[in-house]
Amino acid sequence: MTYNFDEIIDRSGTYSAKWDKDVQEELFGESGLLPYWVADMEFKAAPEILDALGKRVEHGIFGYTARPSEYYQLVIDWTKKRFGWDIEREWMLFTPGIVPGTNYVIQALTEEGEGVIINEPVYYPFSNSIKENRREVVNSPLVLKDNRYYIDFEDFEEKAKDPNNKLFILCSPHNPVSRVWSEDELRRVGEICLENNVYVLSDEIHNDLILGTNKHTMFASVDKRFEETSITATSTTKTFNLAGFYASNIIIPNKKIRDRVEKVLLKNSIGSQGPLSVEAVMAAYRYGEPWLEELLKYLQENVVFTRKYLKERLTDIDFTETEGTYLMWIDFRAYEKDGKTLEKVLVEKGGVALDGGTWFGDGGDGFMRLNIAAPRKFLEEGLDRVAKAIKEEYID
């Protein structure tokens, strides 16, 4: 292995939100917890990215920065090579992260009181963004069958037919349940939305993090008609552990839609990007692929390790299939169905911080989201704490 993913790195003194005592106290009621919650990795960025950033820092001047033509070309080439979708420079807008981008799209394409469809359990900032913008959260819940989640297309179509519902936020791959949607599933989503004049915002921030033999298909690439009614959000931040650089590319082929979103961005003075952020994105797409390929192998091994380790200690625990992302969705319902109680047990008896299933909305009770993007030794310590907490509370 060229890259060392087993190295344990002390993140104290780096202002990490994941490790910060005040943040933990606010979210979990205690501090000093081993953190396996927020989705950043416990790995150093690729050395090639660090080298590029180091050279930029050595220059010593960090003025207002323009994205060069190469920036856009690198995004175009990456998207074509990894996913087979041909995009164009003028389709791309910049936002400082996909969550802000989600807010801007909601503001651009919907009015107050109108509905935005999501599939819970799902990434909780979606519902927060909808509510904060005074839109209506319209949940079409996912269906769990044989440890795999599916879209309930009958319910989804019923929600899409309501003329008050104008936008669907697709999480692809899905966070937290780790589903990589098939092309057939995406096609059916697209057809339903087309028939009912519902825009699709496809959050594909985890699109590079596909495990095993699974294949990610970009929603807009399925059908030219979907290009014309969708917005695609991508970023290097999850793929290359660059979350703190706050950079995402919002891809909108349809000029009328793009103009509406861009108008909101201009209204909020959004568009500029810091010099180190530009450098990090370019270095990631230029040099990062070998690091990513080794990372995916390590993550897959962490999935196998986690399932085996917990199953040997908690025989009734269950898992959904981890098809994409580095987030495992673990089913504790055999021990505790009440989500708040479960979260309290893991914090107070285990000293670990995971994302509570209840955070993700309907269907999250009794589940927890575990971030496995960490050195195996560090992951093992957290799993040991989880197992001991559940044993102490429910078995011994």
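When a residue number appears, it is its place in the shown sequence, counting from 1.
Of the possible donor and acceptor atoms, none in the side chain of Asp6 sits under 3.5 Å from a partner among the backbone N and O of Pro375. At distances below 3.5 Å, at least one donor-acceptor pair connects side-chain atoms of Glu120 with backbone N or O atoms of Asp362. With Asn302 contributing its side chain and Ala374 its backbone, the two residues share a donor-acceptor pair below 3.5 Å. Trp181 contributes a side-chain N or O that, together with a main-chain N or O of Cys171, makes up a donor-acceptor pair within less than 3.5 Å. Within the 3.5 Å criterion, the main-chain N or O of Leu327 finds no donor-acceptor partner in the side chain of His206. Under the 3.5 Å distance criterion, the side-chain polar atoms of Asn119 are left unmatched by any main-chain donor or acceptor of Leu142. In this structure, Asn165 contributes its side chain and Lys161 its backbone to no donor-acceptor pair below 3.5 Å. Here the side chain of Gln300 pairs no donor or acceptor atom with the backbone of Leu211 at under 3.5 angstrom. Panel note: side chain Asn241, backbone Met41; a donor-acceptor pair is recorded below 3.5 Å. Between the side chain of Asp162 and the backbone N or O of Asn164 there is at least one donor-acceptor pair closer than 3.5 Å.
Criterion: ILVMFWY side-chain heavy atoms under 4.5 Å apart, direct or through other members. Under it, Leu34 and Leu342 are part of a common hydrophobic cluster.
Taking the ring axis of Tyr309 as reference, the NZ or CZ atom of Arg313 stays within 45° of it and closer than 6.0 Å to the ring centre. Geometrically, Arg89 engages Tyr72 in a cation-pi contact defined by less than 6.0 Å to the ring centre and at most 45° from the axis. With a 6.0 Å cutoff to the six-membered ring centre and a 45° limit on the axis angle, Arg376 counts as a cation-pi contact of Tyr298. Taking the ring axis of Phe94 as reference, the NZ or CZ atom of Arg67 stays within 45° of it and closer than 6.0 Å to the ring centre.
In this model, a donor atom of one side chain and an acceptor atom of the other lie less than 3.5 Å apart for Gln107 and Asn133. Using modelled atom types, one finds a donor on one side chain and an acceptor on the other under 3.5 Å when comparing Glu42 with Trp19. For the residue pair Thr232/Ser202, the side-chain donor-acceptor check at 3.5 Å is not satisfied. Donor-acceptor pairing under 3.5 Å is lacking for the side chains of Asp184 and Ser182.
Here Tyr123 and Phe126 bring their ring centres to under 6.0 angstrom of each other.
Side-chain contact between Val189 and Phe153: present, with at least one pair of heavy atoms (C-beta onward) separated by less than 4.5 Å. Counting heavy atoms from C-beta on, the side chains of Asp208 and Trp78 come closer than 4.5 Å.
Atom-to-atom distance recorded for Arg56:CZ and Thr65:OG1 is 6.0 Å, nearest 0.5 angstrom. With rounding to the nearest 0.5 Å, the separation of CD1 in Ile270 from CD in Glu262 is 12.5 Å. The distance from atom CH2 of Trp291 to atom OG1 of Thr239, rounded to the nearest 0.5 Å, is 8.5 Å.
Considering all non-hydrogen atoms of both residues, Gln273 and Val281 come closest at NE2-CG2, 4.0 Å. Across every non-hydrogen atom of Tyr149 and Gly363, the tightest pair is OH-O, 4.4 Å.
A salt bridge does not link Glu111 with Lys166: none of the charged nitrogens is closer than 4.0 Å to a carboxylate oxygen. Under a 4.0 Å N-O distance rule, the pair Glu191/Arg187 does not qualify as a salt bridge.
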> What's the verdict on salt bridge (charged side-chain N to carboxylate O under 4.0 Å, His left out) for Lys55 and Glu279, showing C-alpha distance, side-chain angles and the deciding distance?
Replying inline: CA-CA 10 Å; Lys55 290 175 183 176; Glu279 197 68 57; over 6 Å; no
>> Between Glu293 and Arg82, does the salt bridge (charged side-chain N to carboxylate O under 4.0 Å, His left out) criterion hold? Intermediate values first, please.
In response: CA-CA 12 Å; Glu293 293 303 328; Arg82 302 285 297 190; 2.7 Å; yes
> Can you check ring pair (Phe, Tyr, Trp, His ring centres under 6.0 Å) on Tyr71 and Tyr285, steps first, answer last?
Replying inline: CA-CA 9 Å; Tyr71 178 102; Tyr285 283 140; 8.0 Å; no
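Using the six-membered ring where Trp is involved, Phe5 and Tyr3 have ring planes that are tilted, between 30° and 60° apart.
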